[in-house]
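For reference, the structure is listed below as structure tokens.
All values below come from the heavy atoms of this structure, side chains included, with hydrogens, waters and symmetry mates left out. Chain identifiers are assigned alphabetically (A, B, ...) following the order of the sequence lines, protein sequences preceding nucleic acid strands; residue numbering begins at 1 within each chain.
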Amino acid sequence: MATLEIKDLHVAVDTEDGQKPILRGVDLAVRAGETHAIMGPNGSGKSTLAYSIAGHPKYTIISGTVTLNGVDVLTMSVDERARAGLFLAMQYPVEVPGVSVSNFLRTAKTALDGEAPKLRTWVKDVNDAMDKVSMDREFAQRNVNEGFSGGEKKRHEIMQLELLNPKFAILDETDSGLDIDALKVVAEGVNRFRGQGDRGVLLITHYTRILRYIQPDYVHVFVNGRIAEQGGPELAEQLEAEGYDKYQRISA
Amino acid sequence: MSTNLQDAVESSVASHLHPVPSYDLADHPLPTGREEVWRFTPLKRLRGLLDGDASDGHLKWDARIPEGVTISEISTAEAAALGETLPADRPSALAVANGAGAVLVDVPAETELGEPLVVRLSGASPDEVVWGHIVVRLGLHAKATVVFEHSGSARYSVSTSVLVGASAQLDLVSLQLWDDDAVHLGQVGVRIGRDAHVRTFQATLGGDLVRVIENFAYDGPGGELEAFGLYFADAGQHIEHRLFIDHNAPHTKSNAVYKGGLQGEGAHSVWVGDVLIRKAAEGIETFETNRNLVLTDGCRADSVPNLEIETGEIKGAGHASATGRFDDEQLFYIQSRGVTEDEARRLVVHGFFADIIKKIKVPEVEERLLVAVEAELARHVATPTSVRGA
């Protein structure tokens, strides 16, 4: 069975004052068909984990491994990781001036498939994907993320998730800054993706709110660069009631 | 009384950055290279254009003239009588003095051109000195798109005067698509009539040395200017764009956006954007932006925005300038969708330029420029190892 496996991962971020350690030994295995929620306070390293798996150049792997079906991910370039089946929905999607959403999506699809999509079915697929997340079709002609509202950027990420259909999706605080309607749209998109049965999801969030719409199989509490506790969905309810205080006290 | 007051205001605050315009060569002494307006320009590479030797050389004119516009030759005195903008530097003063008359492109009042006026100017040899003097005039409520396209080679100095009547609309496009050995010094002086709307686009891709100076001023309140530019400096090329927007009338607007690309050893671009907001210019709005994308080592991009403000009673004024290599975050985002680094760079650079090219709004010119930019990029962007580093 397909598995995304992270073992004893230590990661530092490049700052002006040199490297600053962020992740301090993360162990996690996400199997196909599973949804794992990673919850934790701000600054605990959740986003660093997401970026490290995706291969952002700002982060340096100190030690540990990340494998996809046993194959080393860390030696792959960013685009190779995507072609191997990983997808990162970003917390702050980047604007790309002069590149239309339509051109961006077609270029990505072509790169992932190794051939250009058939024009007729492709246009329909893009339109369907936009309809599903309630994005006006006019967005296809807009520049990537340029002038999009926060909610539109997130819906655009989930639209890409459905259209590009990777094996494993990492969602980095996709819920932050969304109103309840947008949150539902995003959650429905993620649930359609999961509904295929053999897809893995790593859902990174600060709040329990999104977990009412996306039921995780496992919940991990992330504090100070490592997993402090893990359990089932009930752990999210406990966090809802008690917050992160007790974990932060332990780690301090 | 009001005229005197206006004169007093204009003469007392003339920006220190800008010499006083004049036909008289004595007012434009031979530069030493230390002057503010000449400090970036490699004077030796002007190849004698500043000496002002007489020449009867001409560029070949090939014009597609739509109905409603007339093109005629007028004398230097007639050009002056039209109230043209005066030369603001030595090359343009020489161009007028040696030009033996001017070409007048005239769009009469209330005339709306159904298609763009396209003038193709080509030079035969870099050894030929050509003095050019052009006046473009739009009457009241006229509407026109005028495209000048330069190709081939020459040592060319031109003074262009653009007089836009009240409530007129002008789109002015100038393409510098010269061969690698051409030298082009151009001054474009634009007077924007009351409530007129002027859009300009300067695109400079070719030439050994190209220096284009655009001076804008308003003939009354309500005028609006959009000034766009695109340049691409290759190895050894010097491309310089200077603009001076003189907000001399109230409730006028200006927005300038210039984007440049640089690649290859010794590629040098200069962008200087000066905006002067005079005391009389209450309620104006201005913004200027310059972005430079440095594709390889060995390039130099100078970017100098200046804002001189003499009244605080304005709607807004600002500028932004950024010069850098590829944006890592953009590349990461695109690559994270499976696109290779090469292809991601190509997409980003293509987008960087396509974004400004689409402002031209003349489809055939947009296509031409996109192709030209792609050809430039094919030289370097395809080999991303050369743009790593720093």
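Contacts of A:P93 with chain B are made by both backbone and side-chain atoms, with heavy-atom separations under 4.5 Å. Residue B:I334 touches chain A through both its backbone and its side chain, counting heavy-atom pairs closer than 4.5 Å. Looking at A:L164, only its side chain comes within 4.5 Å of chain B, counting heavy atoms on both sides.
Residues passing the salt bridge (Lys or Arg N to Asp or Glu O under 4.0 Å) test with A:E152: none are found, sequence neighbours excluded. For B:F232, the ring pair (Phe, Tyr, Trp, His ring centres under 6.0 Å) partners are B:F353, not counting sequence neighbours. Qualifying salt bridge (Lys or Arg N to Asp or Glu O under 4.0 Å) partners for A:D131, counting only residues two or more places apart in sequence or in other chains: A:R137.
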Enumerate the inter-chain donor-acceptor pairs under 3.5 Å for chain A and chain B, one line per pair.
| unit_1 | atom_1 | unit_2 | atom_2 | d |
| --- | --- | --- | --- | --- |
| A:H56 | NE2 | B:E329 | OE1 | 3.2 |
| A:H56 | NE2 | B:E329 | OE2 | 3.0 |
| A:D79 | OD1 | B:Q335 | NE2 | 2.8 |
| A:R83 | NH1 | B:G338 | O | 2.9 |
| A:L88 | O | B:R337 | NH1 | 2.6 |
| A:L88 | O | B:R337 | NH2 | 3.1 |
| A:E95 | O | B:Q330 | NE2 | 3.2 |
| A:N143 | ND2 | B:D355 | OD1 | 3.2 |
| A:N145 | ND2 | B:Y333 | OH | 3.3 |
| A:E157 | OE1 | B:R337 | NH2 | 2.6 |
| A:E157 | OE2 | B:Y333 | OH | 2.4 |
| A:Q160 | OE1 | B:R337 | NE | 2.6 |
| A:Q160 | NE2 | B:Y333 | OH | 3.1 |

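Contact between A:A111 and B:G338 at its shortest, heavy atoms only, is CB-O, 3.2 Å. Of all non-hydrogen atoms in B:F332 and A:G55, the two that sit nearest each other are CE1-C, 3.8 Å. Nearest heavy atom pair, residue B:A354 against residue A:G98, reads CB-O, 4.2 Å.
When each of B:L347, B:V348, B:I356 is checked for heavy-atom pairs under 4.5 Å with chain A, B:L347 comes out on top.
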